[in-house]
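First up is the structure itself, then whatever we jot down about it.
All values below were derived from every heavy atom in this structure, side-chain atoms included, with hydrogens, water molecules and symmetry-related copies excluded. Note that ligands are numbered from 1 as they come in the structure, with each ligand's atoms numbered from 1 the same way.
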Amino acid sequence: MNILVINAGSSSLKFQLYAMNNEAVLAKGRVERIGMDSAILTYEPSNGSEVREVQEILDHTAAIRKVLDMILHSDYGVLKSLSEIQAVGHRVVHGGESFTGSVVVDDAVKREIRQLFDLAPLHNPAHMLGIVAVEANMPEVPQAVVFDTAFHQTMPPVAYLYPIPMVLYKKHKIRRYGFHGTSHMYVSERAAAYLGKPLAELKLITCHIGNGCSCTAVLHGRSVDTSMGMTPLEGLMMGTRSGDIDPAIVPYAMAKEELTLGEVNSMLNKHSGLLAISGLSSDMREILEASEAGDRNAQLAFEMYEYRLRKYIGAYAAAMNGVDAIVFTAGVGENSAALRAAVCRNLTYLGLELNEEANVRRESADRAITTPESRVQVLVIPTNEELMIARETHKLILQQNDVV
Ligand code: AMP
């Protein structure tokens, strides 16, 4: 079975085509600047080099059509006919409380995703454009949706409720949802396989540290707490997001700086985190370079970022009454030995013993960076949300075919 995975944004769209018999990527790419006459289509087949075209692509339906044209192209194509794509899987950021797992798209699912537009106004409407665009181009092909929030729907009320008036939860669904669930689920499964133990017997803390950052307590395979909340702003310090702050700062800063709601929202989401403290960049590579060159603000940004992550790891060890393994993933987690070392050097109270040499070794495979004697293992596991979406879609389509 071949599955096309789509991650649709408001003006861009990423795709990967998987052959599920061996989970190989047959082709991948993206369309940027959708809606413009100078949209950019980048397409990379597994059996050839990257193709880049600039052309008019006015909406998501046209963007999907271009992607399919490439996949079937006489020179660069990897399939002969559209019928060789048996299903499409979409990333959807917010599944609210309605979706506790991935589902096959039908009218009721689409209605429910639309109901959730308010909770994720920047993401869910764009994902819906992707779903409708696939429907327009491939009306017979089943589609599935995989939610970033679904993995965290196992959180108990003690973790997902905010201590504010219950009417806000009951009327407006204001609660903690958590994000990056597909990534946390994927690396949890990989960690169990690496450790050679059933996931159901493990206490894991998974740290997805990229542009966005979140940390999850995975108890026996289920998310029991996670650092992002009602929106992806809560929790860890990130590239441009503040993470946890005193909520009273919002009205205070608004009054003092005469900020509008939109401005304060933009300040906390786009002008905070590493960028704000370093005054330099949201990119960890640049922060590390500047730190080494002696830039004090960059050093402070790194120290705060690491400190806040370490505090969450401590909190989640407490939440689960122990931890067997800590997993680092995503851009910074997979690549920054400096961050991992700084975190691990201060977790010796857990019986954690870093293997400094393994930590700095550059490898793309799943690996441990602790000594064999270490009571808590620390693993570096490259995340692969697209593959997880393909697997979830594959599973759902097989189940559906069984039922029919
Ligand atoms: P992601 O959101 O997972 O794509 O992660 C993106 C972030 O990973 C970038 O903003 C960088 O800060 C970070 N990153 C990528 N490569 C490295 C590296 N070699 N060392 C440190 N950070 C890195």
(request) List in chain and number order the residues that pass salt bridge (charged side-chain N to carboxylate O under 4.0 Å, His left out) with Glu357, two or more places apart in sequence or in another chain; answer none if no residue qualifies. (result) Arg361

Give one line per pair: atom of ligand 1, protein atom, distance. Only N/O to N/O under 3.5 Å.
residue  : atom   : partner : partner atom : Å
ligand 1 : 2 (O)  : Asn211  : N            : 2.8
ligand 1 : 3 (O)  : Gly331  : N            : 2.9
ligand 1 : 8 (O)  : Val332  : N            : 3.4
ligand 1 : 10 (O) : Asn211  : OD1          : 2.9
ligand 1 : 12 (O) : Asp283  : OD1          : 3.1
ligand 1 : 12 (O) : Met284  : N            : 2.6

(message) Quick one about Ser12 and Arg30 (side-chain donor to acceptor, distance below 3.5 Å, no hydrogens or angles considered), yes or no?
(response) no

(request) Verify the ring-centre separation between His127 and His94: is it less than 6.0 angstrom? (result) no

(request) Please name all residues satisfying ring-ring contact (aromatic ring centres under 6.0 Å, His included) with Phe328, sequence neighbours left out, ordered by chain then number. (result) none

(request) Check the surroundings of atom OH in Tyr307: do more than 12 heavy atoms from other residues, nucleotides or ligands lie under 6.0 Å from it? (result) no

(request) Could you note down all residue pairs passing ring-ring contact (aromatic ring centres under 6.0 Å, His included) where residues 24-75 supplies at least one of them, sequence neighbours left out? (result) His73-Tyr76

